[in-house]
Amino acid sequence: MKLFLATSNPGKLRELAALADAAGPERSRGEGVELAPLRDYGRLPRAPEDDASFALNALEKALHYSRLAEGFVVADDSGLVVEALGGRPGVHSARYAQTGAALPAGTAAADADNNRQLLAELESVPEEQRTAHYICALALARSDRLLALFSDSCEGRIVKEPRGSSGFGYDPLFYFPPLGKTMAELSLPDKNQHSHRGKAFRKLLTYLTEHPA
Ligand code: ITT
């Protein structure tokens, strides 16, 4: 079964592709799940992404691209929620640095800019109050019809200096206590085993097994 991924984020694509490979054919009635980037994604009109929740954004994205492309479309909306910051960056995780002083107006936020912004905002926050979690919402749609929504989270803490070079986004700052490492110090299979995205994707696989096309 083929699923088209509506994302421009190479980190998400890498992780989701590895998750589909790891699932193997036995997870979906002998067919296997094949993921492919949405054709001509860069040339399609962008989906609105201005909702107040990850779930609504994922649903909007999946629905939008399912109108423009053939087949099953999966959209991922995800981000980092930091308790001491009242839930920020939240749904604005990809462009967090644009909201602060770290970037001149109109400049796209890179991961390093976002991480700098996060460290600056948490500068005076003590370790025990630096709790955070990642959230991932995955929506499945086809031909202008929403089929399902899956979401999950992953709990951690924001460290004071970046560590590790794997992963993407906030991973060098996101410490995962059960493994004693930041997400950027984990191998891809280890991150996928514990991450918000890995857990949400496995729910999607279970759904596909139970609802064969
Ligand atoms: P698409 O909308 O094209 O999928 P995007 O990067 O704009 O790409 P989002 O709006 O969902 O996607 O924002 C996700 C941001 O949240 C991402 O850019 C990271 O900054 C952060 N994020 C999400 N999952 C993460 C993860 O597993 N590790 C680190 N950062 C993550």
Side-chain angles (χ1 to χ4, degrees), residues 3-19 35 37-38 40-65 68 73-82 85 87-100 102-103 108-119 132-139 149 151-159 162-176 181-201:
L3 303 179
F4 291 101
L5 291 174
T7 180
S8 58
N9 185 315
K12 292 182 184 179
L13 282 169
R14 211 169 33 243
E15 291 179 9
L16 292 165
L19 282 160
L35 296 186
L38 202 63
D40 294 328
Y41 181 86
R43 289 209 299 249
L44 298 176
R46 294 305 300 261
E49 242 185 281
D50 45 14
D51 280 306
S53 81
F54 295 105
L56 283 174
N57 278 329
L59 290 166
E60 285 249 42
K61 277 197 251 188
L63 194 58
H64 171 85
Y65 291 107
L68 304 171
V73 172
V74 175
D76 168 320
D77 201 71
S78 49
L80 178 74
V81 174
V82 180
L85 300 178
R88 281 184 300 122
V91 290
H92 303 298
S93 291
R95 46 192 191 281
Y96 182 39
Q98 287 168 343
T99 64
L103 275 187
D111 289 345
D113 301 316
N114 290 332
N115 285 337
R116 235 186 338 268
Q117 176 76 19
L118 182 61
L119 285 180
H133 56 278
Y134 280 133
I135 293 185
C136 174
L138 294 176
L149 174 73
S151 73
D152 219 311
S153 63
C154 175
E155 309 282 330
R157 199 167 71 227
I158 304 303
V159 291
R163 278 163 37 187
S165 54
S166 304
F168 68 99
Y170 298 94
D171 284 344
L173 296 178
F174 190 95
Y175 179 78
F176 184 59
K181 291 180 177 175
T182 68
M183 283 289 190
E185 293 176 308
L186 299 185
S187 66
L188 180 54
D190 280 349
K191 180 177 175 190
N192 276 342
Q193 188 183 340
H194 298 280
S195 76
H196 49 316
R197 183 164 298 103
K199 292 188 280 184
F201 189 77

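Note that the structure is predicted; figures quoted are calculated from it, not measured. For the numbers below, each heavy atom of this structure counts, side chains included, while hydrogens, waters and symmetry mates do not. Whatever order the structure lists them in is the order used to number ligands and atoms, beginning at 1.
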(request) List in chain and number order the residues that pass side chain to side chain contact (heavy atoms under 4.5 Å, CB included) with Thr7, two or more places apart in sequence or in another chain; answer none if no residue qualifies. (result) Leu5, Asn9, Lys12, Leu13
(request) Using a strict cut-off of less than 4.0 Å between a Lys/Arg side-chain nitrogen and an Asp/Glu carboxylate oxygen, indicate whether Asp190 and Lys181 qualify as a salt bridge. (result) no
(message) Is the shortest side-chain heavy-atom distance between Tyr134 and Arg197 below 4.5 Å?
(response) no
(request) Report yes if some heavy atom in the side chain of Phe201 is under 4.5 Å from a heavy atom in the side chain of Leu35; otherwise report no. (result) yes
(request) Starting at CG of Asp152, measure out to NE2 of His133 and round the result to the nearest 0.5 Å. (result) 11.0 Å
(request) For ligand 1, would you mind listing the residues that have at least one heavy atom less than 4.0 Å away, ordered by chain and number? (result) Thr7, Ser8, Asn9, Lys12, Tyr41, Arg46, Glu49, Lys61, Asp76, Asp77, Ser78, Gly79, Ser93, Ala94, Tyr134, Phe168, Gly169, Tyr170, Asp171, Lys191, His196, Arg197
(request) Would you please indicate if the ring centroids of Phe4 and Tyr41 are separated by under 6.0 Å? (result) no
